[in-house]
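Proteins get letters first, then strands, A, B, ... in listed order; numbering begins at 1 in each.
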There are 2 protein chains.
Amino acid sequence: MSDFRLKVFYTVAQRLSFTKAAQELYLSQPAVTKHIRELEQQYQATLIDRSGSRVSLTPAGRSLLVYATRIIELYSEAAIEVSALQHQTSGTLTIGASTTFAQYILPQMLARFHSRYPDVKVNVYAENTERIEQALQDRKIGIGIIEGKTKNKALRYTPLIRDEIVLVAATRNKQARKGSLRLTELPAVPLVLREPGSGSLEVIAHALRKAGLRLSQLQAPVRMNSSEAIKSYLLQSDAMAFLSIHTVLRELERDELSVVDVKGLSIERQFHLIHPHGEPERLAGTFQQFALSYNHML
Amino acid sequence: MSDFRLKVFYTVAQRLSFTKAAQELYLSQPAVTKHIRELEQQYQATLIDRSGSRVSLTPAGRSLLVYATRIIELYSEAAIEVSALQHQTSGTLTIGASTTFAQYILPQMLARFHSRYPDVKVNVYAENTERIEQALQDRKIGIGIIEGKTKNKALRYTPLIRDEIVLVAATRNKQARKGSLRLTELPAVPLVLREPGSGSLEVIAHALRKAGLRLSQLQAPVRMNSSEAIKSYLLQSDAMAFLSIHTVLRELERDELSVVDVKGLSIERQFHLIHPHGEPERLAGTFQQFALSYNHML
DNA sequence: TTGCGGGATAATAATATATCATGTCCGACT
DNA sequence: AGTCGGACATGATATATTATTATCCCGCAA
């Protein structure tokens, strides 16, 4: 038997990449390699073929994946079931969330949450990180979800999901057609950036600095303070923008916007659940359990 | 998630005893306590009520048990399925087994094995430990199952199942009716023992010695070299005998024989799978996988 | 009230699992 | 072909988890 190992295997099987799986699981790549190797030893079978440049499942791997999937589902169901027995399942919960999360991810999450706990009323309080932390300490909200991670000692941070910030452009943009861009070409591109002081902008600046570029070297003719506004602008121009992948999922699907890969640049951050130390409020605990197992539901 | 922990929980739930579960899992009792405590922490729920002198499942525990059972089944099925893909599933396997095992446990095991691998023919070679080890080294047999554990360095020993040797008597025996016996009363009881030199007798002698009794202090008017013979004798007399619990399961069910508990005396040994070092023969590997997961099937 | 079976607790030892730094291999691109 | 970059493997080492041993404590039965 082996539980976390199965989850690792499952993730690798989904992403067909050891490195991607490692990121998703907040692990190093060698750790993933090791888990897979030990699973293979346990089952005396090669589960994943990594002889070529792409990894793929062997027959034994495909067979195990069926079981792994079901087992992981059951773990998740068990957690919800037991939690439902324990926690209060009616009342009102106020969730504080950062704008991006509140607009693009939380809605679907709440839809599922509601079907599971129909008697819980939820208020959403969309604000910036600082205000959410304050509200949490004042007990104005039961739980918070923020981008990045500050180190407020009165609060506990639990990684929830990974957010990736990508460079996007209107699909008809010729450079977008190419699909990728060198880092050195970036200063030539007109960009729409968020307003100074925004958390997103800081993450972007930090990642650029690590790659050897200053924000001041970039062309930023326009600054806007809302993702929706930026997207509209892009559709009307040849500019590009750095946006959370979650904010552009719909436009990517409709093929209105496209992701432009920048070689050597990767901008990531995580959404964290935050809650005060000690026992969580009951409804907050229920929601936390739910949110953490939400990943498993895909 | 948590895999081994679920197995621990499952075992405790079955036996309704931390200590018994620990023995079955080859763990110490504190380890079991710890696992349960951490599961409870994880699910934020009390799973097992151990306030009184008996332990029992809480509602949350009962709910989790349903999932745990299914998950454990799936692990077991996955192992068999993957193993079936890998290993050869036709041919002939010769299994060497000690008499008790070959007579009382192996048959049901082989029945299941056959339904899973219909194309494998199995020969059973019932002998004593020494001969089985020799045959294994000579490659006359593919895998062996013995009582106890010698320290032959050319072979690897894997614990398979626990065997308990209990004192039994005919149910109509008045002392059997009482259900238990003090250690000091034992010398007054007429016993039927196995012949000198038998492995079972040595285990019994060793356990008695640890409890402060010599074999020579006991009344052993009759010695016999077969469990079946001893059982027949018991039914005709007031004598008692030390026999493996596995050899008397049927008689206990029919209420012909009864177990007499001897306070302060517990005689245990384990059946071990033995195989040569290095890669096992393919069919031997298949059988080994199967045998080890056989426990989980109950 | 005393002893005993059985679970809890604490200190410590053994194992398992992580990371970091680095190596190797495959395929893409000049 | 030669070189580069992306991606998995490997080995040394640090950390975390899980085990054991020894001991305590509690409820129950004699």
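- A salt bridge does not link B/Glu40 with B/Lys34: none of the charged nitrogens is closer than 4.0 Å to a carboxylate oxygen.
- For the pair A/Leu65/A/Phe9, a side-chain contact is recorded, criterion being any heavy-atom separation below 4.5 Å from C-beta on.
- Although no hydrogens or angles enter the test, the distance criterion places a donor-acceptor pair under 3.5 Å between the side chain of A/Thr58 and the main chain of A/Thr46.
- Distance, A/Phe4 CZ to C/dT15 P: 23 Å, rounded to whole Å.
- We find that CG of B/Leu16 is positioned 14 Å from C1' of C/dG6, with the value rounded to whole Å.
- Taking atom NZ on A/Lys34 and atom C1' on C/dC20, their separation rounds to 14 Å, with Å as the unit.
- If you check every strand for non-hydrogen atoms under 4.0 Å, B/Val55 touches sugar and phosphate atoms only.
- Contact between the side-chain N/O atoms of B/Thr19 and the OP1/OP2 oxygens of C/dG7 is found at a separation under 4.0 Å.
- Look at CZ on A/Arg37: it is 13 Å from P on C/dA18, rounded to the nearest Å.
- B/Gln41 has its CD atom 14 Å from the P atom of C/dA8, to the nearest Å.
- The side chain to side chain contact (heavy atoms under 4.5 Å, CB included) test with A/Met240 singles out one residue from A/Val262, A/Leu191, A/Leu186, and that residue is A/Leu191.
- Side-chain atoms of A/Pro30 lie closest to C/dC20 of the nucleotides C/dA18, C/dT17, C/dC20.
- Between B/Glu24 and B/Arg162 there is no salt bridge, since no side-chain N of the basic residue sits under 4.0 Å from a carboxylate O of the acidic one.
- Here the range on DNA chain D touched by chain A, meaning any atom under 4.0 Å from one of its heavy atoms, is D/dA7 to D/dT10.
- If you measure from atom CD of A/Gln29 to atom C1' of C/dT17, you get 15 Å, rounded to the nearest angstrom.
- Checked for salt-bridge contact, A/Glu73 and A/Arg70 meet the test: a charged N lies under 4.0 Å from a carboxylate O.
- If you check C/dT9, C/dG7, C/dT19 against the side chain of B/Arg50, the one that comes closest is C/dG7.
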Apply side chain to side chain donor-acceptor pair (under 3.5 Å) to B/Gln29 and B/Thr33, showing your working. CA-CA 6 Å; B/Gln29 168 263 314; B/Thr33 295; 3.0 Å; yes

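- Protein atom CG of A/Leu6 is 13 Å distant from nucleotide atom P of C/dT17, rounded to whole Å.
- Rounded to whole angstrom, the span from the CZ atom of B/Arg54 across to the C1' atom of C/dG6 amounts to 10 Å.
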